[in-house]
Asks: 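If you scroll down you'll find the structure; I have some questions about it.
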Amino acid sequence: MTDATPVTPHDMPSETPAQDVAERVNNRSQRPDSAAFKAFITSGWAPRAALDVEPLAAAPFTAARRDALSARFPGARLVVPAGALSVRSNDTDYRFRPHSAFAHLTGLGTDQEPDAVLVLHPSAGGGHHAVLYVRPLAPRDTEEFYADSRYGEFWVGARPSLDDVTTVTGIEARHVDELRDALAKDVGEGGVTLLVVTGADAGVEALVEAIRAEAGSDTIAGTDVTGSEAVDADLVEAVSELRLVKDAHEIEQMRQAVDATIAGFAEVVRNLPRATAHRRGERVIETTFDAHARLEGNTVGYETIAAGGEHATTLHWIRNDGVVRSGEMVLLDAGVEVESLYTADITRTLPVDGVYTETQRRIYTAVLDAADAAFAVAVPGARFRDIHAAAMEVIAARLEEWGLLPVTAAESLSPEGQQHRRWMVHGTSHHLGMDVHDCAQARRDLYLDGVLEPGMVFTIEPGLYFKSDDLTVPEEYRGIGVRIEDDVLVTAEGNENLSAALPRRAEDVEAWIASLLD
Ligand code: GLY
Ligand code: MN
Ligand code: MN
C-alpha cells in the first residue's frame, strides 16, 4: 500500500497535541495543507483525455430486463443499489463487486460502480424511466482529486463521467447527490411507493426508510402487504426470478465463463507435478486456477476448492493448505467469473498420478452414472426436483450394491428413510449465473418445484463422500470424496452440457491428464 511519507515513532514531535481517536487513522499521513500546495497540485494538468468507452453489447438486453421488472411493479419506484465499498481491515477495502441485481439490470460488471444506484421511476403514462445515480469523476480543483484514497483519481484512477455512464449503459446518468430528492418525490400522498432491493447497500436502505417514515408510506397500493420489509421482499424476489431464464447475451457470457474455466482446469493439471512437490500442494492448485481467472476473466466466481485426499470430504474446503499426495485424488471445484460477472461452477476429481485406483474408479463411476441419470431427465417440462431424484436413485442403488445401506435402496429413497444422504448431504443442482447459487430468492414453486424451461442454466453435481472416521464403510472407502459437477443449459430439444469439453468419464480424464503432462 502506498504510504510515501510514513510517520514513525522517531518522527513524532515530542509534544503531540491531544488528538481525537477517530482522527488517528490519519496518523501516518503528512499531506501538506498549505494554500501553495493546493494551488500547485490542482493546476498544470493537460485537458482530461476522454475515457475509452463504448456502448455495452448487453445494453439492449438490460433494457428488456428492466421492462420485465417494470411490468411487475406498476406505479412503484424501484431502487437497485450497486452497493458500497466494504472495509477489509482498518482503512483498506475489499475489491468492489456490484450486487448481481444491479449488474443484471445495468450491464455494468467488474468493479463498477461503488455507491451507484439504479432507480426505475414510474412514468405518468405507465411503465418506468431508468436513471443511474453515480458518483462521477471529481474535477481536478477538488480535494477529492488528490486527497481521497477511496474515490480520488490520484488513488483509484479516473472514474467515468455522467456522459460516459450513459454512453456505456444507455441509461440516463445523474449525480448521486440528487438521489435523496429523486427518491422522495411524490412518495406517500403523491401515490408513489418506494421499494428497494435489500442486502446491497445499508446506507441506501436507511435513506429509503427515512423517506418512507417522513411520508408515512410503507404499503403497496392494491396488495395486502403492510410492512416495508415485506414489500421490499417482493422486489428482491422479482429481481432473483428475472434471472431464472437466461437471455441470449447471458448464455453467451456463460459459455465464455465455462470455456475459461476449462482452460483453467488444464492449467492446473499441467501444474500437478509442482503441486505434489510442494508442502502446500493444494495452494499450488488454488493459485494456479485463481491466477488464470484473474488473467482471463474478472476473478473467481467463488473461493476455489482445492481438496487433496480426505479434504475432498469437506464440501467447501477452501483453506487449501494441505498436501497433494501420490495415490490419492484431488477435487477441484472452481469457476472463472467473466467481466460481466457470470460464473462457471465446475468440479472434477482427478487422480494425482493420472490413473484411478480400482476403488477410486468404482466410486467415481457411481457418481458419474448418477450425473448421467440427472442429465437424462433435465429437459423442458420436467421439474427441477426431478434432477436430484434421478441422481439419488443411482446413488442409493450403488450404496445398496456395496452393502453400505442399513436398509434397502427403496426404503432409503423414501422420505422416511434418506440414509443414503449420509454420504451426499448436499443437493444435486442449483441455478447458476451471476451468483454461483443464482436466483436464490425465487419462490419455491418457480425453483425447487419449478418446471424446466429452455434458457435455464444450472449445475448437475452429485458426489459421494466417505470420511476417514466413518465406521459404517469398509476401510478402502474411507478418506475418499468424489464430486463431478457440470454446467447445463436447458434447450428446446433437451439440454446441453456447457462443460462437456472437460473430460468426465474416468478413462477420458486419464487420457486428458496424460496428454497434458506429456
Ligand atoms: N462451488 C459451490 C457449489 O458447487 O455449489
Ligand atoms: Mn455448484
Ligand atoms: Mn461447485
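Values reported hereafter were calculated over all heavy atoms of this structure, with side chains retained and with hydrogens, waters and symmetry mates removed. Each ligand, and each atom within it, is numbered from 1 in the order the structure gives.
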Asks: For the atom pair NE2 (His104) and CZ (Arg66), what is the distance rounded to the nearest 0.5 Å?
Replies: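 Rounded to the nearest 0.5 Å, the NE2-CZ separation comes out at 11.0 Å.
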Asks: Do His430 and Tyr447 have ring centres separated by under 6.0 Å?
Replies: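 Ring centres of Tyr447 and His430 not closer than 6.0 Å.
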Asks: Once rounded to 10 degrees, what value does the angle at the Mn ion (ligand 2) take between OE2 (Glu461) and OE2 (Glu485)?
Replies: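 Glu461 OE2 and Glu485 OE2 form an angle of 80° at the Mn ion (ligand 2).
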Asks: Given the ring of Tyr151, does Arg135 sit roughly above its face, with NZ or CZ under 6.0 Å from the centre of the six-membered ring and within 45° of the axis?
Replies: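 Pair Arg135/Tyr151 counts as cation-pi.
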Asks: Please determine whether His430 has a backbone or side-chain N, O or S atom lying under 2.8 Å from the Mn ion (ligand 2).
Replies: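 Yes, His430 qualifies, because one of its backbone or side-chain N, O or S atoms lies under 2.8 Å.
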Asks: Asp345: which N/O/S atom is nearest the Mn ion (ligand 2)?
Replies: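 Going by distance to the Mn ion (ligand 2), the closest N, O or S atom in Asp345 is OD2.
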Asks: Below 4.5 Å, heavy atoms only, C-beta onward: do Leu517 and Val269 meet side chain to side chain?
Replies: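 Of all side-chain heavy-atom pairs linking Val269 with Leu517, at least one is under 4.5 Å.
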Asks: With a 3.5 Å distance limit and no angle check, can you tell me whether Ser412 reaches the backbone of Gln419 through a side-chain donor-acceptor pair?
Replies: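 Checked: pair present.
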Asks: Would you say the ring centers of Tyr302 and His437 fall short of 6.0 Å from each other?
Replies: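 No: the rings miss the under 6.0 Å criterion.
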Asks: If you measure every N or O of Arg483 against every N or O of ligand 1, does any of those distances drop under 3.5 Å?
Replies: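 Among all N and O atoms of Arg483, none is under 3.5 Å from an N or O of ligand 1.
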Asks: Could you tell me the residue and atom name of the protein heavy atom closest to atom 3 (C) of ligand 1, and the distance to it rounded to 0.1 Å?
Replies: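 Protein heavy atom at minimum distance: Asp345 OD2, 3.4 Å.
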Asks: At under 4.0 Å between heavy atoms, which part of His437 makes contact with ligand 1: side chain, backbone, both or neither?
Replies: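 Looking at His437 and ligand 1, just side chain atoms fall under 4.0 Å.
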Asks: Within the 4.0 Å heavy-atom shell around Tyr302, which atoms of ligand 1 are there?
Replies: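 In order of numbering, the contacting atoms are 1 (N).
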Asks: Show me which atoms of ligand 1 lie under 4.0 Å from any heavy atom of Glu485.
Replies: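 It comes down to these atoms of ligand 1: 4 (O).
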Asks: Are Leu195 and Arg77 close enough that some pair of their side-chain heavy atoms sits under 4.5 Å apart?
Replies: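 With C-beta onward as the side chain, the pair stays apart.
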Asks: Is Val436 close enough to touch ligand 1? Criterion: a residue heavy atom under 4.0 Å from a ligand atom.
Replies: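 No heavy atom of Val436 comes that close to ligand 1.
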